[in-house]
Number of protein chains: 2
Amino acid sequence: MDQTTRIVRAFEDAGYQTTPSRRLLAELVAGSRGHFSAADLLDRARQRRAKVGRATIFRALELLTSLHVVERLDLPNRSHAYVMCDPDEHHHHLVCSRCGRSVDVADGELARLVDEIGRRNGYRIETHRLELFGICPLCAGTGAAAAVAADRGGPA
Amino acid sequence: MDQTTRIVRAFEDAGYQTTPSRRLLAELVAGSRGHFSAADLLDRARQRRAKVGRATIFRALELLTSLHVVERLDLPNRSHAYVMCDPDEHHHHLVCSRCGRSVDVADGELARLVDEIGRRNGYRIETHRLELFGICPLCAGTGAAAAVAADRGGPA
DNA sequence: CCCCGGATGAGACTGAGTATCAGGCAAGCC
DNA sequence: GGCTTGCCTGATACTCAGTCTCATCCGGGG
Ligand SMILES: [Zn+2]
Ligand SMILES: [Zn+2]
Ligand SMILES: [Zn+2]
Ligand SMILES: [Zn+2]
């Protein structure tokens with residue numbers, strides 16, 4: 001099942017209608033290389049001469065976020081963007097500051113660390129957010145790129 | 001040296017002028033209990049019948065952020081706020097979701113963890129952000145509150 | 001095929017943040 | 001203390017992401 005279908009399915013499974021707009025947005029999201037903003041999607045939709053309202057894009061992104069199909073990032077430059085996301089378990093994102101490509105990072109030891117910080121300060125911790133920014137192997141363009149890409153089955 | 005003076009000093013030390021507006025904002029920031037937004041400061045300034053422009057507040061907060069006197073938070077509810085901040089070393093914030101009071105948290109083991117995540121994925125990590133949200137001892141209102149407060153010399 | 005509640009798009013609206021610019025004033029210099 | 005210069009300021013206009021409204025549309029169950 002390809003990414004687009006997976007996203008459409010997510011809408012269905014959650015009891016939402018399948019509409020042309022949502023199918024289009026699923027394609028656009030699935031076709032994104034790095035992170036993307038609502039405005040990006042709108043541009044790409046317009047390039048395809050597709051008619052979709054701004055509000056619809058925001059609504060779809062909101063839904064997809066609540067379904068954990070995408071996650072909203074707060075970039076260091078103060079803007080926002082979304083990345084596709086493994087819906088199945090809590091994790092964080094390692095984002096390339098150049099191309100926006102993102103890797104899911106398991107919480108791992110962090111959970112323990114967060115827990116301990118809460119205990120030490122007497123806070124009952126409800127949520128936490130970890131965002132990592134750096135240069136991805138592809139953008140660094142070194143031999144490391146090939147090595148890691150091979151590990152993962154090649155560039156997205 | 002009290003907090004207000006410390007902030008004014010930060011401006012001076014960085015070579016910026018000391019002006020009535022900046023003194024006022026230093027007071028307002030220093031007098032903040034939890035986190036605060038530009039709009040909060042504007043309100044409190046107006047309450048004092050002080051004349052200060054909106055733009056000036058944004059400019060001051062931008063400066064103070066660059067001087068690491070305050071840090072800008074991205075709250076879970078999508079809004080932004082600032083908290084006062086130890087300017088001396090890299091750290092993160094544990095923020096009360098109810099009252100906004102914030103505790104500085106040393107990076108500690110996180111540095112190692114971040115490093116390892118970068119290595120494992122072939123990214124050269126440039127920056128990271130960790131934000132923790134929960135209920136502070138004071139808001140939880142349990143015996144824990146008194147204990148931790150005593151540890152720290154009482155409520156701010 | 002019908003119906004209806006969910007979905008849509010156009011466009012108005014909000015509110016945070018930015019840009020501009022003429023005037024003000026801090027601070028170093030004499 | 002006055003002078004000068006360049007940083008700083010407030011007012012105002014502006015931008016732009018995101019939200020709201022509402023008349024219309026249409027997916028999909030019956
Ligand atoms: Zn990259
Ligand atoms: Zn986590
Ligand atoms: Zn609290
Ligand atoms: Zn850190």
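Quick note on labels: first sequence line is chain A, next is B, and so on, each numbered from 1.
- With sequence neighbours excluded, the residues satisfying salt bridge (charged side-chain N to carboxylate O under 4.0 Å, His left out) with B:E27 are B:R48.
- Phosphate contact (OP1/OP2 of C:dA7, side-chain N/O of A:T56, threshold under 4.0 Å): absent.
- Remark: P of D:dA17 and CG of A:L73 are 17 Å apart, rounded to the nearest angstrom.
- The nearest whole Å value for the distance from the CD atom in B:E12 to the P atom in D:dC8 is 13 Å.
- Following rounding to the nearest Å, B:D74 (CG) and D:dA17 (P) show an atom-to-atom distance of 17 Å.
- Rounded to whole Å, atom C1' of D:dA11 lies 14 Å from atom CD1 of B:I57.
- Salt bridge A:R78/B:D74: absent, no basic N to carboxylate O contact under 4.0 Å.
- Between A:R22 atom CZ and D:dG28 atom C1' there is a gap of 13 Å when expressed in whole angstrom units.
- The distance between atom CZ of A:F11 and atom P of D:dG28, rounded to the nearest whole Å, is 13 Å.
- The distance from atom CZ of A:R23 to atom C1' of C:dA7 is 13 Å, rounded to the nearest whole Å.
- For residues 10-22 of chain B, every residue pair satisfying the salt bridge (Lys or Arg N to Asp or Glu O under 4.0 Å) rule, not counting sequence neighbours, is listed here: B:R9-B:E12.
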Problem set entry | Pair A:E71-A:H93, side-chain contact (heavy atoms from CB on, under 4.5 Å): steps then yes or no | CA-CA 9 Å; A:E71 187 162 331; A:H93 291 269; 3.3 Å; yes

Please write out the pairs of protein N or O atoms and N or O atoms of nucleotides 4-6 of chain D separated by less than 3.5 Å, giving the distance to one decimal.
none

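- Under the 3.5 Å distance criterion, the side-chain polar atoms of A:S37 are matched with a main-chain donor or acceptor of A:D40.
- Close to D:dC8, at under 4.0 Å from its OP1 or OP2, lies no side-chain N or O of B:S21.
- Under a 4.0 Å N-O distance rule, the pair B:R6/B:D2 does not qualify as a salt bridge.
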Table of protein N/O atoms under 3.5 Å from nucleotides 16-20 of chain C N/O atoms:
residue	atom	partner	partner atom	Å
C:dG17	OP1	B:R72	NH2	3.2
C:dG17	OP1	B:H80	ND1	3.1
C:dG17	N7	B:R54	NH2	2.6
C:dG17	O6	B:R54	NH2	2.9

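- Across all strands, A:T18 comes closer than 4.0 Å only to sugar-phosphate atoms, never to a base (heavy-atom distances).
- Between the A:D115 side chain and the A:A111 main chain, no donor and acceptor come within less than 3.5 Å of each other.
- Per the geometry, CG belonging to B:N77 stands 14 Å off P belonging to D:dG18, to the nearest Å.
- Hydrophobic cluster membership of A:V69, counting Ile, Leu, Val, Met, Phe, Trp and Tyr whose side-chain heavy atoms lie under 4.5 Å apart directly or via other members: A:I7, A:F11, A:Y16, A:L24, A:L25, A:L28, A:V29, A:F36, A:L41, A:L42, A:V52, A:I57, A:L61, A:L63, A:L64, A:L67, A:V70, A:Y82, A:M84.
- Under the 4.5 angstrom side-chain criterion for Ile, Leu, Val, Met, Phe, Trp and Tyr, A:F58 has no cluster partners at all.
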